[in-house]
Amino acid sequence: MLKIEKDVYPSICLRNKVTFKTFFSHSGLIVHARTTLFTPTLAVALLCSACTLGPDFVRPASPPVKNYTGKYESTTTFSAAGEAQSLAPGKDIAGQWWKLFRSPELTALIDQAIKHSPDLQAAQAALVEAQENTSAKTGALFPALDASFSDTRQKTSGALFGNPGAGGSLFTLYNASVKVSYTLDVFGAIRREIEGLNAQADYQRFQLEAAFLTLAGNIVTTVVQEASLRAQIAATDVIIKAQTKQLDVIRQQFELGGLSKAAVLAQQSTLEQTRTGLPPLQQQLSQARHRLSVLVGDVPGKELAARFNLADLHLPEQLPLSLPSKLVQQRPDIRAQESVLHAAGAQIGVVTASVFPNFTISASASSIATRIGDLFIPGSAIWSLGGNLLQPLFHGGEFTHTKRAAVAVYEQEAAQYRSTVLQAFQNVADTLTALKFDAAELNAQDATERAALETLDMTRTQLQIGAVSYPALLTAERDYQQAHIGRIKAQAARLADTAALFQALGGGWWNRVDLATVISTEQKKLKKPCQWWFCLDELIGLDDLTGNKTLPENNTIPTQETNQ
């Protein structure tokens with residue numbers, strides 16, 4: 001746990017020469033500060049040089065492991081149904097990994113999602129907010145300059161000067177003043193606050209990357225699901241047609257007296273059971289289409305132009321596999337939690353500095369006159385210059401407990417960081433295992449389908465020579481289509497788990513253009529300069545160096561970008 005070798009209290013300033021030392025150490029959080037206070041003259045030099053109390057953040061080390069699944073992942077190859085996938089340990093991940101499926105329609109959907117997804121726009125706005133808060137706090141490091149002007153109508157009484165009998169006076173007092181104040185960040189409280197806000201901005205940046213990674217992964221898996229459902233519906237339709245033909249044949253045989261009524265009822269029951277499986281597949285397909293529309297930022301009622309089939313999606317042949325030591329640097333969720341840990345460490349520094357003196361320098365210059373035309377004439381000027389020192393002495397143990405609470409928050413975030421890392425390693429291990437068994441299942445389903453196809457071909461031959469009846473052929477066709485559905489599901493699972501591996505490894509965000517820049521650029525393309533009469537009362541800042549304000553085409557300030 002976080003250990004403090006020696007508490008530092010402001011009372012050290014009462015001594016002529018005091019040396020104090022603080023040391024913080026916890027899973028990558030280290031600071032070592034040593035300060036010597038000599039005579040009051042040297043103390044003034046210390047105030048000018050300043051220092052930063054509290055812990056300096058150091059990124060936690062990666063877990064000391066060499067693999068994800070307990071076995072060394074070399075160039076392992078997963079072969080199934082004539083398609084092989086090989087792992088490439090250490091190979092970098094493409095920034096646009098979804099293009100490896102070689103589907104232009106899929107790429108177009110993700111491009112559309114970048115432009116119109118409200119989830120990405122919300123994450124982008126949160127990032128801008130965090131960045132602007134950081135910039136705003138940075139202003140505290142500079143002197144503050146304020147100007148003011150006031151005019152006051154006053155009436156005085158002689159009683160104010162000890163002469164109640166004297167008449168009062170009525171006059172207007174004009175005051176124009178300029179004030180400068182500067183807080184010396186001697187012990188680094190302000191700088192630690194800025195450090196914490198920078199960490200929060202980093203958190204929002206990685207949250208944006210995580211949101212896009214989740215969005216892209218959901219689009220790919222939904223596309224795979226749509227393609228699988230279409231293939232399953234087509235196969236089910238073939239089965240229904242075969243069973244309908246078989247029912248007609250059995251009815252004819254029943255009418256001729258060759259079969260009993262029970263055979264007709266049994267076949268009709270089988271047909272109806274198959275038909276009951278079709279509406280759920282059609283419902284799932286509609287829901288998948290609705291989900292895709294929402295993911296790319298459209299309403300569900302707007303039909304997508306692209307329709308996906310399994311034949312349109314190609315299985316990536318080589319799968320990059322990041323080294324375990326790199327995973328903690330590549331997963332957006334880990335980097336986001338690391339930023340939270342950084343912010344918690346900075347807060348310890350803020351609390352530590354709060355028990356030390358706070359120095360503020362202020363100065364003001366004013367001109368006071370009873371007539372506005374007499375402002376700034378000789379004799380009307382007044383000024384002041386001063387300094388303020390605020391030293392907390394006794395707050396009933398508030399600072400001690402606040403510091404302990406800050407340390408506890410850091411401990412909590414450190415534990416959460418370790419949990420996030422473990423979950424990330426589990427995601428990769430689970431996906432690698434899934435790819436292995438996906439290949440095994442696809443091989444089994446492929447063998448089943450080939451066996452069913454051979455049976456169907458043999459039955460057709462036997463039917464031609466009269467060795468089997470026509471219902472036997474229809475049964476063989478049904479078995480083949482059911483085996484074909486099993487193969488479709490196994491093929492779709494392999495494609496979906498391949499996308500899951502790219503997602504588990506971080507998605508390659510470090511190999512493409514900054515996402516925040518792309519989203520900001522796309523949003524500006526949907527705006528146009530507002531009309532001058534509308535901009536007069538809109539204090540929303542300037543969008544570019546030319547001073548042109550931009551608003552959406554409907555001349556309203558957006559809370560959410562409208563799809564064009």
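- With a 4.5 Å cut-off on side-chain heavy atoms, L87 and L432 count as touching.
- The salt bridge (charged side-chain N to carboxylate O under 4.0 Å, His left out) pairs that include a residue from residues 93-106 number zero, where partners must be two or more places apart or lie in different chains.
- Considering only heavy atoms from C-beta on, Q282 comes within 4.5 Å of I233 through its side chain.
- Sequence neighbours left out, the pairs with a member in residues 204-232 that pass ring-ring contact (aromatic ring centres under 6.0 Å, His included) are W98-F212, F206-W509.
- The minimum heavy-atom distance linking S339 with D202 is given by the pair OG-CB, 3.4 Å.
- Residue pairs that meet the ring-ring contact (aromatic ring centres under 6.0 Å, His included) test with at least one member in residues 302-338, sequence neighbours left out, do not exist here.
- Listed by first and then second residue, the ring-ring contact (aromatic ring centres under 6.0 Å, His included) pairs that reach into residues 316-351 are F57-H342, sequence neighbours excluded.
- Checked against side-chain hydrogen bond (donor to acceptor under 3.5 Å, both in side chains), Q318 has the following partners two or more places apart in sequence or in another chain: K91.
- Screening residues 308-328 for salt bridge (charged side-chain N to carboxylate O under 4.0 Å, His left out), with sequence neighbours left out, gives no hits.
- Side chains of N511 and Q96: no donor on one and acceptor on the other come within 3.5 Å.
- Between Q124 and L208, the closest side-chain pair of non-hydrogen atoms falls below 4.5 Å.
- For the residue pair S228 / Q232, a side-chain donor-acceptor distance below 3.5 Å is found, with atom types taken as modelled.
- For the pair D298/H116, no side-chain contact is recorded, criterion being any heavy-atom separation below 4.5 Å from C-beta on.
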Practice problem: Report the C-alpha distance between L304 and S293 in whole Å, list the side-chain angles of each, state the deciding distance to 0.1 Å, and finish with yes or no for side-chain contact (heavy atoms from CB on, under 4.5 Å). | Solution: CA-CA 7 Å; L304 295 174; S293 296; 3.6 Å; yes

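- Applying the salt bridge (charged side-chain N to carboxylate O under 4.0 Å, His left out) definition to pairs two or more places apart or across chains, those involving residues 443-455 are D446-R450, D446-R487, E449-R487.
- You'll find the side chain of T244 reaches within 4.5 Å of the side chain of R275, heavy atoms only.
- The shortest distance between side-chain heavy atoms of D185 and T52 does not fall below 4.5 Å.
- Between N218 and R291, the side chains place no donor N or O within less than 3.5 Å of an acceptor N or O (distance only, hydrogens not considered).
- Q445 pairs by the side-chain hydrogen bond (donor to acceptor under 3.5 Å, both in side chains) definition with nothing, not counting sequence neighbours.
- No side-chain donor-acceptor contact under 3.5 Å links Q85 and T77.
- Among residues two or more places apart in sequence or in another chain, the ring-ring contact (aromatic ring centres under 6.0 Å, His included) test is passed with Y480 by none.
- For R478, the salt bridge (charged side-chain N to carboxylate O under 4.0 Å, His left out) criterion is met by no residue, not counting sequence neighbours.
- Salt bridge annotation for E209-R512: present, with a cationic side-chain nitrogen under 4.0 angstrom from a carboxylate oxygen.
- No donor-acceptor pair closer than 3.5 Å links the side chain of S520 to the backbone N or O of A516.
- Under the ring-ring contact (aromatic ring centres under 6.0 Å, His included) criterion, the residue pairs touching residues 411-452 are Y68-F425, with sequence neighbours excluded.
- Applying the salt bridge (charged side-chain N to carboxylate O under 4.0 Å, His left out) test to E226 and every residue at least two apart in sequence or in another chain returns R230, R289.
- The closest side-chain donor-acceptor pair between R205 and Q131, if any, does not fall under 3.5 angstrom.
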